[in-house]
Number of protein chains: 2
Amino acid sequence: MRRSKKERQERLNQTIRENPFVTDEELAQEFGVSVQTIRLDRMELSIPELRERIKYVAEKNMQDEVRSLPIEEVIGDIIDIELDKSAISIFDVKKEHVFKRNGIARGHHLFAQANSLAVAVINDEMALTGKADIRFTQPVKENSRVIAKAKVIRSQKGRTIVEVSSFVGSDLVFRGEFSMFRAPSAEKEEIDETRN
Amino acid sequence: MRRSKKERQERLNQTIRENPFVTDEELAQEFGVSVQTIRLDRMELSIPELRERIKYVAEKNMQDEVRSLPIEEVIGDIIDIELDKSAISIFDVKKEHVFKRNGIARGHHLFAQANSLAVAVINDEMALTGKADIRFTQPVKENSRVIAKAKVIRSQKGRTIVEVSSFVGSDLVFRGEFSMFRAPSAEKEEIDETRN
DNA sequence: TCCGATATTAGGACTAGGTACTAAAAAACA
DNA sequence: TGTTTTTTAGTACCTAGTCCTAATATCGGA
């Protein structure tokens with residue numbers, strides 16, 4: 001026994017967490033014990049076998065991939081929409097949205113939610129943001145749920161003013177007035193069929 | 001032969017790309033051929049076996065994890081900075097930044113670059129955006145390189161005005177005036193040691 | 001120092017999801 | 001029809017395990 005079972009198991013746990021791609025064989029060598037001991041340890045700690053671990057990491061990746069695309073398309077989930085009138089979306093602030101130093105949401109995420117909603121509410125093929133006057137009225141912390149409400153203020157020949165107010169609970173955290181225009185429909189590029 | 005080897009192999013390729021977690025057994029059933037045929041197909045198409053595929057996806061994930069954080073932290077690459085005076089960053093517009101419909105960059109990416117730069121230029125522990133007045137003066141297309149220039153206009157007791165102008169070539173595409181304040185340093189939360 | 005408990009190691013049988021190879025059967029074509 | 005291509009079948013082997021039994025080691029206390 002090198003330094004008691006307990007210590008080995010703790011280090012084992014950490015080692016695997018750091019590098020999930022390590023085999024029992026390699027672990028046995030690293031800790032100077034037999035493969036069987038490693039297997040017993042894994043059982044006691046309920047750490048799955050290598051292949052399961054790899055699979056888990058891979059699956060997590062796939063989930064992220066499908067998750068990140070729609071998030072890119074529309075930031076936040078639209079829960080209600082009345083075209084050319086109003087729309088509501090929710091956006092959950094996770095750790096990837098905040099400054100690491102203080103846990104406050106980075107401004108551009110709140111902007112993205114609001115801007116995205118302003119685009120979505122417009123009942124037209126294309127909408128582009130022309131101007132925006134925005135205010136971050138209160139810092140938003142990690143794990144908050146931000147509710148953005150967009151309202152179309154007026155609309156006249158290709159220009160639409162949308163006002164978006166975002167709340168956490170009953171606190172106003174963001175307000176913006178977006179001046180959108182229905183895009184000059186810039187020449188659409190051919191879809192490149194040569195790429196994979 | 002269901003519809004020639006070629007067609008099966010094409011569909012095989014696509015199926016695996018869509019779901020890398022599929023076994024030869026399952027593929028054989030889906031295409032109504034034997035497992036051996038599937039294996040031959042995989043060889044001819046040099047598609048690795050299930051475990052290799054899963055491993056690849058998992059590894060990609062690990063790479064992304066270390067890569068995605070810094071990218072999240074500063075949008076665009078800062079190429080020059082003089083704290084409390086000015087800063088310049090470049091941001092390449094890729095296909096994930098544009099509207100699929102017309103290839104025009106989504107506003108919030110330009111905003112993110114500018115806002116990010118405004119935060120970076122401030123020589124203080126924390127900076128938060130309070131207000132912003134922004135203008136998208138020209139649509140930016142895929143594959144453009146956007147150069148953002150930030151200039152500190154004035155600074156007085158915890159409030160700093162930063163002006164950011166972004167260009168594609170010599171064309172002004174975005175302009176914003178950001179009113180930043182040095183954060184009220186919202187109470188830092190304990191790091192939750194209970195979670196895994 | 002011996003006893004019993006705990007910890008470790010060894011070994012065998014079995015598993016999934018393959019590779020690599022040989023050989024035979026089936027289908028396509030000319 | 002014969003030849004070529006394609007498909008299938010079967011064997012031995014591999015990795016990285018599981019599950020189980022049995023034999024040793026090692027430790028701590030009476």
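Below, read A as the first sequence line, B as the second, and so on, with proteins coming before strands; counting in each chain starts at 1.
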Taken to the nearest 0.5 Å, the spacing of A/N19 CG from A/T15 OG1 works out to 9.0 Å

Between the CG atom in A/D24 and the CD1 atom in A/I38, the distance rounded to the nearest 0.5 Å is 7.0 Å

Using atom [atom1] of [X] as one end and atom [atom2] of [N] as the other, report the distance to the nearest whole Å.
X: A/F31; N: C/dT9; atom1: CZ; atom2: P; result: 13 Å
X: A/L27; N: D/dT15; atom1: CG; atom2: P; result: 17 Å
X: B/R8; N: D/dT6; atom1: CZ; atom2: C1'; result: 8 Å
X: B/R53; N: C/dA16; atom1: CZ; atom2: C1'; result: 14 Å
X: B/E52; N: C/dT19; atom1: CD; atom2: C1'; result: 11 Å
X: A/Q9; N: C/dT8; atom1: CD; atom2: P; result: 8 Å
X: B/K5; N: C/dA27; atom1: NZ; atom2: P; result: 16 Å
X: B/E26; N: C/dG18; atom1: CD; atom2: C1'; result: 14 Å

- Backbone N or O of A/V173 within a donor-acceptor pair of the A/T137 side chain at under 3.5 Å? yes

Walking DNA chain C from its 5' end, the first of B/L50 and A/Q36 to be reached, judged by nearest nucleotide, is A/Q36

Check this for me: does the side-chain of B/R51 come within 3.5 Å of the base of D/dA16 through a donor and an acceptor? no

Short N-O contact, [X] and [Y], less than 4.0 angstrom:
X: B/E10; Y: B/K6; value: no
X: B/E163; Y: B/R175; value: yes
X: B/K5; Y: B/E44; value: yes

Practice task
Compare side-chain N and O positions of A/T37 against OP1 and OP2 of C/dT9 and report whether any pair is under 4.0 Å apart.
Solution key: yes

Requested in this report: Looking at every strand, decide which applies to B/E49 at a 4.0 Å heavy-atom threshold: base, sugar-phosphate, or nothing.
Outcome: sugar-phosphate

Next item on the list: Give one of base, sugar-phosphate or nothing for A/V33, where a contact means two heavy atoms less than 4.0 Å apart.
Entry: sugar-phosphate

Per the under-4.0 Å heavy-atom filter, residues of residues 39-48 of chain B near DNA chain C come out as B/R39, B/R42, B/M43

Do B/F178 and A/F136 have ring centroids that are under 6.0 Å from one another? no

